[in-house]
Protein chains: 2
Amino acid sequence: MRSNEEQIFDEYIRSTGLRETEQRKRVLKTFLATTEHVSVEDMYRIVNEKSRKVGYATVYRTMKLIAESGLAVEVVFNDGIARFEHRLGRKHHHHLVCTNCGKVIEFESTAMDRGEQEVLAKYKFRQTSHHYEIFGFCRECQSESRDG
Amino acid sequence: MRSNEEQIFDEYIRSTGLRETEQRKRVLKTFLATTEHVSVEDMYRIVNEKSRKVGYATVYRTMKLIAESGLAVEVVFNDGIARFEHRLGRKHHHHLVCTNCGKVIEFESTAMDRGEQEVLAKYKFRQTSHHYEIFGFCRECQSESRDG
DNA sequence: TTACGTGCAAACCATTTGCAGCTTT
DNA sequence: AAAGCTGCAAATGGTTTGCACGTAA
């Protein structure tokens, strides 16, 4: 029994003539079990928690494949490190990133999405990707940093 | 006779107890003469066009100061290289980045700005900065890449 | 068998930093 | 003089790559 995601990945692998390897399956399984935005370093650590099986380079290469297969999107916050989040079955959203505690809040905005469509139409621009991140202080960190 | 921008930079320098040096003046003057989004490498090249006077590290350090003074904003497109654009007297805007020819189109969107305000209010998030870039193919590069 | 994949270490590359010597204040 | 700067070169750090060996097909 394999998940829908694993089927999608297999299909992608097969369709491009690549091979199904232990490492790729292991990295994919690990990624599917995550819920937060994971960096390659995170992935490397989790994958090799029980036994060192997969090299750093392979994690990089496999995360790229997973993104290409459509299962993940790469996002970059303010530290310049690539992170990956699930894409399948997730609504389109953006991020509020707290630069104090590192918390990441996901949000949707139909107003912004509509605005984006207008802009694309106006400039006849064919979008392939985009990123939108708002940086600042989350509710909790505001009261913390605001001294009376 | 010095420009408004130069006055602002001077004031920033003075207010923070820093020093007014030849290198800083030269880098600032060079930046003020640019119109496009310039990288540090661009700046280094232009500054030293006529005579090699300013080191790479100093250009980095000075661009950071210029950004801190409020005269520039740092933007990062899809190549991970920091670029700087003028801020003084410029309206708030975002970018359409053509991944084929590298063209950068600036746009404004009140719909998106309004959407952003709604989100900030909803999450009681205090914004300090944000970035929004849309990647894809510009009008010209679409017809180019689309073969019949 | 024959590509393709892996792991290691080395390479990359934008950016930062240590430090000796030089300038502004 | 004292406190900052500068420039060079070396360090940093995430990511990529070359290559000999391993493994899926």
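The chains referred to below are lettered A, B, ... by the order of the sequence lines, with proteins before strands, and numbering in each begins at 1.
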Legend entry - Closest non-hydrogen atom pair between Met43(A) and Val27(A), with its separation: CE-O, 3.5 Å
Legend entry - Contact under 4.0 Å: Arg52(A) side-chain N or O vs dG7(C) OP1/OP2: no
Inset, instruction - Round to the nearest Å and state the distance from Lys53(B) atom NZ to dC5(D) atom P. - result: 20 Å
Legend entry - Whole-Å distance separating the CZ atom of Arg24(A) from the C1' atom of dG22(D): 14 Å
Legend entry - Separation of dT15(D) P from Asp42(A) CG (nearest whole Å): 11 Å
Legend entry - 5' priority, DNA chain D, between Ala57(B) and Gly17(B) [closest heavy atom]: Gly17(B)
Inset, instruction - Give one of base, sugar-phosphate or nothing for Glu22(B), where a contact means two heavy atoms less than 4.0 Å apart. - result: nothing
Legend entry - Spacing between Glu41(A) atom CD and dG14(D) atom C1', to the nearest angstrom: 10 Å
Legend entry - Residues Glu106(B) and Arg90(B) bridged, charged N to O under 4.0 Å: yes
Inset, instruction - Would you mind reading off the distance between Asp10(B) atom CG and dT25(C) atom C1', rounded to a whole angstrom? - result: 15 Å
Inset, instruction - Looking only at side-chain atoms of Ile81(B), point me to the closest of dA14(C), dT6(C), dT15(D). - result: dA14(C)
Legend entry - Connected via hydrophobic side-chain network under 4.5 Å: Ile8(B) and Leu32(B): yes
Legend entry - Comparing Arg19(A) and Glu20(B) on DNA chain C - which has the more 5′ nearest nucleotide: Arg19(A)
Legend entry - Between dT16(D) (C1') and Asp79(B) (CG): distance, integer Å: 16 Å
Inset, instruction - Using a cut-off of strictly less than 4.0 Å, decide whether Gln23(A) has a side-chain nitrogen or oxygen near OP1 or OP2 of dG22(D). - result: no
Legend entry - Under-4.0 Å salt bridge between Glu6(A) and Lys29(A): yes
Inset, instruction - Would you kindly say whether Glu85(A) and His95(A) are connected by a side-chain donor-acceptor distance under 3.5 Å? - result: yes
Legend entry - d(CD1, Ile13(B); C1', dG4(D)) in whole Å: 11 Å
Inset, instruction - Check whether any side-chain nitrogen or oxygen of Tyr60(B) sits under 4.0 Å from OP1 or OP2 of dT15(C), and answer yes or no. - result: yes
Legend entry - Spacing of Arg26(A) atom CZ relative to dG5(C) atom P, expressed in whole Å: 19 Å
Inset, instruction - Check whether the side chain of Arg61(A) and the base of dG7(C) form a donor-acceptor pair under 3.5 Å. - result: yes
Legend entry - Thr21(B) side-chain N/O to dT6(D) phosphate OP1/OP2 under 4.0 Å: yes
